[in-house]
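Below: the structure, in structure tokens.
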Amino acid sequence: MPKQFRPRDHEDRVRQGWEAARAFHADPDRVLEGRAKPYAILIPPPNVTAALHLGHALNNTLQDVLARVHRMKGYETLWMPGTDHAGIATQTVVEKRVKALEGKSRADFAQDGERGRAAFVERIQAFKDEYEVRITEQLKRMGCSCDWERQRFTMDEVCARAVREAFFQLFKAGLISRGKRLVNWDPVTQTALADDEVEMEEIEGFFYSLRYPLVHRGSVGAGQQSLAAGEDAMPVTWNELAVRGYPGADEHPGDAQAWVTVATTRPETYLGDTAVAMNPKDPRAKALRGLFVELPLVGRVIPVIEDDYVVMPEALGGDASDPKAQFATGFLKVTPGHDPNDYEIGRRHELPIINIMAPDASISDQHGWNDVGNAHLFVGKSREEARMLVVREFEARGWLERKSPYRHSVGHSYRSHVPIEPYLSDQWYVKVTDDSLRGAALRAMAGEQRSGGDAHPTGGGVEKTEDGLRFFPERYAKTFETWHENIRDWCISRQLWWGHRIPVWSLRAELPPDTLPFPDWPDPSDVGVSEFETEYNERLRKFAALIGCAGQLYAKCEWREGDYCIDVCAATEEAERVFTLYSKPDGSTWQLHAHLEPDAIVALRRIEEMTRLNESLDPVFSATRDPDVLDTWFSSALWPLSTMGWPDADAAANATGIADFPSLLPAFNPTNVLVTGRDIITLWVSRMVMFNRWFTDQQQNPAARQGEGRLPFHHVYINPIIQDGHGQRMSKSLGNGVDPLDIIESHGADALRYVLCQVATSTQDIRLPVDLVCPHTGKTFSPKFIRNSQGRLVPAPIQECPADPTKKMVTAFGLASGQVKPSPELPLARNTSAKFDIGRNFATKLWNAARFTLSMLTEPATPVLDPASPDLGVADRWMLSRLAAAIDAVDVAVARYEFSVYAGQVYDLLWRDFCDWYLEIVKPTAAHNPAQRAVLRVALDAMLRLLHPIMPFVTEVIYEHIGTLPTASVQGLSLDAPDRAGLLCRAGWPRAEASLRDQAIESTFARMQELITAIREVRAQHQVHPRRPITLHVSIELHAELRALGVMEMLRTLAGVERIETVPPAGQAAEFTFGPQRLAVSNLADAIDAEAEKSRLEKLIADLNKSVAALSGRLANPGYAQRAPAHLVQETRDELERKKAELAVAIEAMEKQG
RNA sequence: GGGCGGGUAGCUCAGUUGGCUAGAGCACUCGCUUUACACGCGAGGGGUCCAGGGUUCGAGUCCCUGCCUGCCCA
């Protein structure tokens, strides 16, 4: 073995060995044939948007540890790898890139219609290919034992089929539908976002109080819903209000026009106001009933309405405990088009909805606002500009009553970070509030992790609670539960190009007023629609069967806002081809051009009968496809199913050449555990649970209620979040991230992995102080920190070399903030963390320990060793016992997902027990003791196995050397040989029988450790040279005991005790106690250092005095002796006696010193 | 505003159902080129366990209040 372990010399070769042996390839058929138990993990697919960061390294290291442990335990282990297309994120990144490289924006591509879209998607595809390779490479370099042959991508053919089928089934079940609703609109990326893609941020804004003049409505406009232009509206005066009994009206000039004051943080939305609301209990309500206000400049006359939602001011009887009551004026401007609450009020009062903005959130009269009046000056302005202008105009007219600073939280896009605009648009929704989704997810939880107050009771014992979904650490179960209790319908359409396109083709036409599709139908009510739909689908069904797409087409029909709509969903690409049956070659008439069997043509005509009622309608199958794509999480939600070939594993097998695809789902779903971050509980975990259960409910049990199918995984382990040394999230903009590849380069993959496991405790997030590598010296140092504009602690942009202050460097923050650019004089300093040294040191320690152990194993060892053999000494028995204890502790830690405990156990076993004690003890004896060599042999072997899941590379390399030795075994310790290519990663997990544990030996050995430490302490106090042999003076009894235990050699080796005598020292000596025994060491040096001895004794006496006082104090407490458990009281008494004896010895020794 | 964490040595963290004088690594001090390892070995110093109150024979641990801090949700 080389003297030094250099990771880079081995890592590639080891990895190639694993791959050549297909060591990580899982065989589902072994599971189905009952030859092995399954263990499966699905990778949370990393986004193809960027390279992996340290958080990914942690997440994947922990998964790999689990996978490797279980593989060694004999489970058929599948770790399924893959990547996620990450719609909005990837598209945004590529848009920026294309803009920079080609100078073209997405709008430029959009001008070429579908072709431009395809060209743009091609560029994203290329980007994806590049990053997918990069991510895969990173995972491999970390040592991830994924089944690489099965790698998937959320948009590949296999996954796409799952998305199609899932959408189709939900669509058919009525759980996916289209609706015009207020969505969270991101005006920069110009797409809708789901609720959980919106981040609330506190901002410093203003509360503006605006006055709206009161009027009587004029003659124009009959119904309350229509809005009148302002010309003939008549002002309402304060006098009139006084007459109507308006409280306080007489405080205003009587013949002046009266007003009401509304308060808002967004004055510009007044352009879209369609009412002013007040609480019906407001004492002013009666006087204002039937009156209107006229919106300044716009001139729109809108009603004053009454709604319970409006908060009354505290002065007028509002709820004093509601903080809003202190700000409230009692009047609420209602803008249904741009505020979710106002939207609800609008629905209750059937108010018109006016959209005053373009998709980029600039004020626009082109998107549903057509009574601009004198408000032209705002058109074309951004939200922010318009806000300033509106305030200025109100102020100029005296309509601005007040402007006060106001801190409030505003939703921001998680992607573009601009404020979300509530925006009215057509979107697709999944009705996750349905009991078969939300309710089923809640019922899936393990019983004891659920809280009380059960609104979704478990039904019919479909699932036993002990099989339920379980969270580690368990506190996260609550996050999952409350999320589902408060869930709202899930908006799944995104106005993007990168993603799974919604498989719906639509026909839309305006019906002439008062016409009905079938004259004999009473009304275009729901009944009528559903009858139409049933008939339509019946005809569609026949047609689909005739063209070989049975069951793959389904239509939803509805009348909306006077439009006549048919949405047809195609479950497969084959079925999708029907939408190209027609062409319009001359631009006027649709023609059927495709070849169809006569029966199919007849069936097609039957469908057309129902869609050609109106001449403006195109033939049904020339309908236009929905332009939107699905939310990325929709395909992620299917990951447990899609990666295993659902819904058509044979097709997946054909497409990929992976013949055993059909066995995957039956063998590995549900998987064992999902390892992910806590922010993903809502975004992903929830949706996987809902979908996996919903889509497997029939396979689970034909009698199961809807949505009560299988879980996607039994356990969810939430890994901690890595933060920098100041508790801040690592991010590119703060320049405080550490690149895992840098650490692999500088410390090795094993070191990276070890440290990530070691810091993964279950209680806290991980603080990893970030250091810099000086590019001039290569040394690591802690940088100087400054606060950035947001008050975050970041490394100063420029740092000095600690060794030479004239040399400077640029930090990642300096680069990211654009303040400095690296140059030859100012090189970029890489981020690192001194924490990773722990892992590197540990790997080195293992390497050296193994090298040394192997050097002692050149002679054969006892082939089959009985641990009770008389050839074994105390230390040997002790080592075996410690090993067995560590195996148990590691097994428990792994089962509890306590990675830090696991790392700590193997650290102590190798470093403290094996290296510090055992190796030192056997150094002089192993050469002529074959039994001891057997212990060395199995201990090293077992430790390599225990360490392998955390540090796979270094252990695999060492194992190659162990493999050349003749085998040795110890009874009670199972170390099964590798089942493939002699690889450690395929070797058996160590199993120790309880008989290997020996409590008596462990406590005896602990006593010897104490004795040795006591002697070493005296030596150190007296500055005795480490190699100077000394003499130990003990009682006859202790001497006999030491001899019986056979530890004389150990004392020589570890404490430098050359002679042991039973007579007191003749000359100068240092006395000390060992339990109740009085011992001394002599021959320390030519002369004893009296001062050193004195100060040692002083400290000892002080310590002992403290102990005696504490112990006797406890015993003096009357309650203690009476109430504490008897054995504890006895222990205290014994302890006190010991301490008193030691004290006496120390005092006597002190007196001798004079 | 609601929920969940955290506050223990200079730093990063352990501390199981309350029970020996509260532990580890790094950093620090002293000694050691001891034939595996200086990325090492041996020894040592360093802690009002955030504050206040309570329960208890006994509280870092349980309860209450407050302060600081992080995350999630509204």
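Just so it is clear: chains get the letters A, B, ... in the order the sequence lines come, proteins before strands, and each one is counted from 1. Only this structure's heavy atoms are used, side chains among them; waters, hydrogens and symmetry mates stay out.
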Checklist entry - Mapping A:S1107 and A:R896 onto RNA chain B by nearest heavy atom, which one lands closer to the 5' end? => result A:R896

Item to check | Any A:R475 side-chain N or O less than 4.0 Å from OP1/OP2 of B:C72 | outcome: no

Next on the checklist: Holding to salt bridge (Lys or Arg N to Asp or Glu O under 4.0 Å), I want the full list of residues that pass it with A:R678, two or more places apart in sequence or in another chain.
Outcome noted: A:D765

Next on the checklist: Can you tell me the base-pairing partner of B:G5? Count Watson-Crick or G-U wobble geometry only, both distances below 3.5 Å, and say none if there is no partner.
Outcome noted: B:U69

Checklist entry - Which value, in whole Å, describes the distance between the P atoms of nucleotides B:G18 and B:C13? => result 26 Å

Checklist entry - How close or far is atom C1' of B:G18 from atom CZ of A:R1114, stated in whole angstroms? => result 13 Å

Next on the checklist: Check the orientation of A:W847 and A:H961. Use parallel for under 30°, tilted for 30 to 60°, and perpendicular for over 60°.
Outcome noted: perpendicular

Item to check | Partner set under salt bridge (Lys or Arg N to Asp or Glu O under 4.0 Å) for A:E859, not counting sequence neighbours | outcome: none

Checklist outcome for this item: The Watson-Crick or G-U wobble partner of B:U55, with both key distances under 3.5 Å, is none

Next on the checklist: I'd like the C1' distance from B:G31 over to B:C67, given in whole Å.
Outcome noted: 46 Å

Checklist entry - Pairs in or reaching into residues 1013-1023 of chain A: which pass salt bridge (charged side-chain N to carboxylate O under 4.0 Å, His left out), with residues at least two apart or in two chains? => result none

Item to check | Separation of the P atoms in B:G19 and B:U65, to the nearest angstrom | outcome: 25 Å

Item to check | Between B:G47 and B:C11 - P atom distance, rounded Å | outcome: 13 Å

Checklist outcome for this item: When rounded to whole Å, the CG to C1' distance for the pair A:L910 and B:G25 reads 15 Å

Item to check | Nearest-Å distance once atom C1' is located in both B:U34 and B:C28 | outcome: 24 Å

Checklist entry - What does A:A834 touch in the nucleic acid at a heavy-atom separation under 4.0 angstrom: a base, only the sugar-phosphate, or nothing? => result nothing

Item to check | Atom-pair distance (CG on A:L909; P on B:A24), nearest Å | outcome: 18 Å

Checklist entry - Can you tell me how far P of B:G31 sits from CZ of A:R1028, to the nearest Å? => result 18 Å

Checklist entry - A:L1104 has an atom CG; how far is it from atom C1' of B:C20, in whole Å? => result 14 Å

Next on the checklist: Rounding to an integer number of angstrom, what distance separates B:G6 and B:C26 when you compare their P atoms?
Outcome noted: 26 Å

Checklist entry - Which one is paired to B:C49, where only Watson-Crick or G-U wobble pairs with both distances under 3.5 angstrom count? => result none

Next on the checklist: Can you tell me if A:K478 touches the phosphate of B:G3, counting only side-chain N or O atoms and a distance under 4.0 Å to OP1 or OP2?
Outcome noted: no

Checklist outcome for this item: Protein-proximity profile, nucleotides 35-45 of chain B, B/S/- by nucleotide at the 4.0 Å heavy-atom cutoff, equals -BB-BSSSSSS

Next on the checklist: What verdict does the side-chain hydrogen bond (donor to acceptor under 3.5 Å, both in side chains) test give for A:D913 and A:Y918, after you've listed the backbone C-alpha separation in whole Å, the side-chain angles of each residue and the deciding distance to 0.1 Å?
Outcome noted: CA-CA 6 Å; A:D913 295 341; A:Y918 191 63; over 6 Å; no

Next on the checklist: Run the salt bridge (Lys or Arg N to Asp or Glu O under 4.0 Å) test against A:D342 and tell me which residues pass, sequence neighbours left out.
Outcome noted: none

Checklist entry - More than 12 non-hydrogen atoms from neighbouring residues, nucleotides or ligands closer than 6.0 Å to CZ on A:R8, yes or no? => result no

Checklist entry - If the P atom of B:C64 is compared with that of B:G10, how far apart are they to the nearest Å? => result 30 Å

Next on the checklist: Any carboxylate oxygen within less than 4.0 angstrom of a Lys/Arg side-chain nitrogen, looking at A:K923 and A:E920?
Outcome noted: yes

Checklist entry - Got a sec, which residues hit salt bridge (Lys or Arg N to Asp or Glu O under 4.0 Å) with A:R6, two or more places apart in sequence or on another chain? => result A:D9

Checklist entry - Between A:D908 and A:R488, which has a closest nucleotide on RNA chain B that is more 5'? => result A:D908

Checklist entry - Taking only residues two or more places apart in sequence or in another chain, which ones pass side-chain hydrogen bond (donor to acceptor under 3.5 Å, both in side chains) with A:R729? => result none

Checklist entry - Can you check the A:H1025 NE2 to B:U34 P distance for me, whole Å? => result 9 Å

Checklist entry - What is the distance from OH of A:Y476 to P of B:G5, rounded to the nearest Å? => result 9 Å

Next on the checklist: Taking pairing as Watson-Crick or G-U wobble with both contacts under 3.5 Å, can you name the mate of B:G42, or confirm there isn't one?
Outcome noted: B:C30

Checklist entry - Reading nucleotides 8-14 of chain B from the 5' end, what letters show protein touch, with B for base, S for backbone sugar-phosphate only, - for no heavy atom under 4.0 Å? => result ----SSS

Checklist entry - Which value, in whole Å, describes the distance between the C1' atoms of nucleotides B:U17 and B:G60? => result 16 Å

Item to check | Nearest-Å distance for atom pair NE2/C1', residues A:H1022 and B:C32 | outcome: 18 Å

Item to check | Test ring-ring contact (aromatic ring centres under 6.0 Å, His included) applied to A:Y897 - qualifying residues, sequence neighbours left out | outcome: A:F472, A:H715, A:Y717

